[in-house]
Amino acid sequence: MPLRLFNTLTGQLDTLVPMDGATLRMYACGPTVYDYGHIGNFRTFLQIDVLRRFLELTGMRIHHVMNITDVDDKIIRNAAEAGIPISEYTPRYVEAFFEDMDALRIERPEQIARATGHIPRMVELVQKLAAAGAAYRAEDGSWYFRLSAFPAYGKLSKKDLSGMEDGARVDVDEYEKDSARDFALWKAAKPGETAWDTPIGRGRPGWHIECSAMAMEYLGESFDLHAGGEDLMFPHHENEIAQSESVTHKQFARHWMHVRFLLVDGRKMSKSEGNFYTLRDLLLKGYKASAIRLALISVPYRHQLNFTFDGLMEATNAIERLRTFHQRLVKGAFAAGESPQIQEAAQRAQADYLAALGNDLNTAEARAPIFELIRSANTAIDQGEFLAGDRDAILAVLASFDAVFDVIEDHDAEPTRKALAWAEQAGRMAEVAPELVARQSLSDEAIDALVAERTLAKKQRNFARADQIRNELAEKGIVIEDAKDGVRWKRK
RNA sequence: GCACCGGUGGCGAAGUGGCUAACGCGCAGGUCUGCAAAACCUGUAUACGCGGGUUCGAUCCCCGCCCGGUGCUCCA
């Protein structure tokens, strides 16, 4: 199943094929590590994860490079406020970032590149641009890209800058540029700021140059796919193209993917709006990592997603249904054989599922055949028409669903445990939802003991005691199910 | 202001120029159960923002309008 993916550059669905015929080379803009990641960041990384996982499911080999921006204005400012060098400031946020990625089960890219580890490559690129006449040094020692040297500028974001007045909106501290639209490649050091001594002077890289330098270092002058959030399209990605192609005269990335922003309660998420959430915030409110993952990927990447707590509950309940069904298959006893209707339904579900994802990663459409299959399988089981071969066929479909969505298998305990440990250490226990604390208060062994006591009470027809135990457990988020083949319990 | 995107049942969200417009969640009733839970069945449902146009036929195409959102500046 090939992937037809919307390409910002061409404005249409293009089939994603590795240009070397073997491995898809892709670059995705990663985080700037000045704070904890918020759910908007993670929506982007999650959608890129969906892309990766779908390609892997179809058997494609991938080489995916992600950068970490560990030097920029905000980092310098925050580190200065904290009174520590940036090399001490950023590691904790790098670590937190990967912890959050793991919590959301986002696969690691094949390669992670830090900006501060690639300064010489960036300097080289600036030198090459200068040699090509596309870069110039301003009086203060900063280097700028000369926009007029790249006539194709605007081809990605479809902006026509020809009509823009030069000098209409020049920032006061950018008076040294030849043209207002020229952007910084290298920023001259200001007193006390982090800086590197290099052949092009003492300073630090501009924001855009790191991605050009690292992408070309690891993926070559031309590669298959470049992805990121929609906000990066302009100016960041446009500038990357200008810098890179001015040096190589080759197409930089062939295919560009942009993930739309999410809204929270119908508005853009921002700290001033009071609708700003990090992953940790949500985990401490008691939501499961899997529910957050599902909520953030269920709306296709090219659509705005309106994030709400109702949406998180919906995702929580949908996962519950998936997991309950999965357990029913795994634990159930079925007679040998296959029933043609179920086999056929499983095959059709698998085909529809893959087709939906192949159609520009339509995750919403992809869910439908899975849930349809679950309903018909449940019906067959209830009617005693479900056989062991049917189970195997459906488990295979669920496995390919989980290869991309990754929410059926339950990995939720660890992220919550880590978030609680972090809250304790960071002195933020006040933010933890009381239900979450209650839920953590019983060990599996204690629950097993209570469940056994209840089963005994039931056998003795002491229903008052049995219900009392069930209520006690329910208060701590433990749900009991009396099935034909025994008693099950699960944490809500 | 300029540009782009969206407005589908109670909520979220697919999709299509013509068959009963997916799927999920919620709610109600039923089956099962000591009672529940899970599961299934039924209902919720006269759901395609408004007004024109094209067409044999439009939710889907075109025009206008209203509403919401986003970008044009640091931002996933």
Side-chain angles (χ1 to χ4, degrees), chain A residues 11 28-32 34-35 37-48 69 72-74 77 154 157-161 163-164 169 171 207 227-236 258-263 266-271 294-296 298-308 310-325 327-328 332 352 356 359 362-383 457-459 461-464 466-467 470-471 474 478-484 487-490 492:
Chain A
C29 292
T32 301
Y34 66 97
D35 203 347
H38 56 70
I39 55 173
N41 296 320
F42 289 116
R43 149 118 134 145
T44 297
F45 299 129
L46 277 164
Q47 294 286 358
I48 292 170
T69 302
D72 90 320
D73 291 349
K74 277 186 200 134
R77 187 195 64 207
S157 54
K158 320 290 182 229
K159 285 184 194 302
D160 180 6
L161 299 184
M164 297 231 172
R169 288 173 57 181
D171 290 350
W207 172 35
E230 64 167 330
D231 57 308
L232 299 181
M233 189 167 87
F234 183 89
H236 182 55
H258 290 99
V259 180
R260 286 207 77 176
F261 267 153
L262 64 71
L263 307 177
R267 306 223 73 87
K268 184 170 171 176
M269 183 170 67
S270 75
K271 285 183 177 168
L294 187 64
L296 292 178
S298 287
V299 174
Y301 78 98
R302 275 213 295 150
H303 289 265
Q304 255 171 4
L305 157 69
N306 186 16
F307 181 87
T308 62
D310 282 351
L312 270 187
M313 278 318 297
E314 191 262 350
T316 303
N317 293 336
I319 289 171
E320 207 44 56
R321 181 167 169 80
L322 290 164
R323 288 181 181 170
T324 302
F325 174 69
Q327 283 303 305
R328 192 177 195 193
D352 290 349
N359 178 24
N362 192 335
T363 47
E365 193 183 349
R367 282 173 50 155
I370 303 301
F371 282 99
E372 277 170 31
L373 182 64
I374 289 175
R375 182 156 26 76
S376 46
N378 268 324
T379 304
I381 296 173
D382 282 356
Q383 293 173 350
K458 269 180 38 168
K459 206 169 270 176
R461 304 199 66 78
N462 182 358
F463 295 122
D467 290 353
R470 187 168 63 195
N471 290 340
I478 314 296
V479 181
I480 289 191
E481 294 175 12
D482 295 330
K484 279 194 197 118
V487 185
R488 284 193 298 268
W489 62 264
K490 61 192 177 191
K492 242 186 129 179

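A, B, ... follow the sequence lines: proteins, then strands. Residue 1 opens every chain.
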Exercise for the section: Taking Watson-Crick and G-U wobble pairs with both distances under 3.5 Å, convert RNA chain B into its dot-bracket string, 5' to 3', dots for unpaired and | for cross-strand pairs. Expected result: (((((((..(((.....[....)))((((((.......))))))....(((((..]....))))))))))))....
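- In this structure, of A14(B), A76(B), G71(B), it is G71(B) that holds the atom nearest to the side chain of Lys268(A).
- Val259(A) comes within 4.0 angstrom of nothing in the nucleic acid, heavy atoms only.
- Looking at heavy-atom distances under 4.0 Å, Ala483(A) makes no contact with the nucleic acid at all.
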Nucleotides 30-35 of chain B: which of its N/O atoms have a protein N/O under 3.5 Å away?
residue, atom, partner, partner atom, Å
G34(B), N1, Asp467(A), OD1, 3.0
G34(B), N2, Asp467(A), OD2, 2.6
C35(B), O2, Arg470(A), NH2, 2.4
C35(B), N3, Arg470(A), NH1, 2.9
C35(B), N3, Arg470(A), NH2, 3.4
C35(B), N4, Asp482(A), OD2, 3.3

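- Between the C1' atom of G26(B) and the CG atom of Asp310(A) lies a distance of 10 Å, rounded to the nearest Å.
- Between the side chain of Glu230(A) and the backbone N or O of Phe261(A) there is at least one donor-acceptor pair closer than 3.5 Å.
- Residue order along RNA chain B, read from the 5' end via each residue's closest nucleotide, puts Val299(A) first among Tyr34(A) and Val299(A).
- Atoms CD1 (Ile381(A)) and C1' (C40(B)) sit 11 Å apart, rounded to a whole Å.
- Residue contacts for His236(A): at a heavy-atom cut-off of 4.0 Å it reaches no nucleic acid atom on any strand shown.
- The separation between Glu372(A) atom CD and C40(B) atom C1' is 16 Å, rounded to whole Å.
- Within 4.0 Å (heavy atoms only), Arg367(A) reaches sugar-phosphate atoms of the nucleic acid but no base atom.
- If you check every strand for non-hydrogen atoms under 4.0 Å, Gly266(A) touches sugar and phosphate atoms only.
- Put simply, the side chain of Lys158(A) and the base of C72(B) share no donor and acceptor less than 3.5 Å apart.
- Using a 4.0 Å heavy-atom distance criterion, Pro369(A) is classed as making no nucleic acid contact.
- Within the nucleic acid shown, Asp72(A) has no heavy atom closer than 4.0 Å to any nucleic acid atom.
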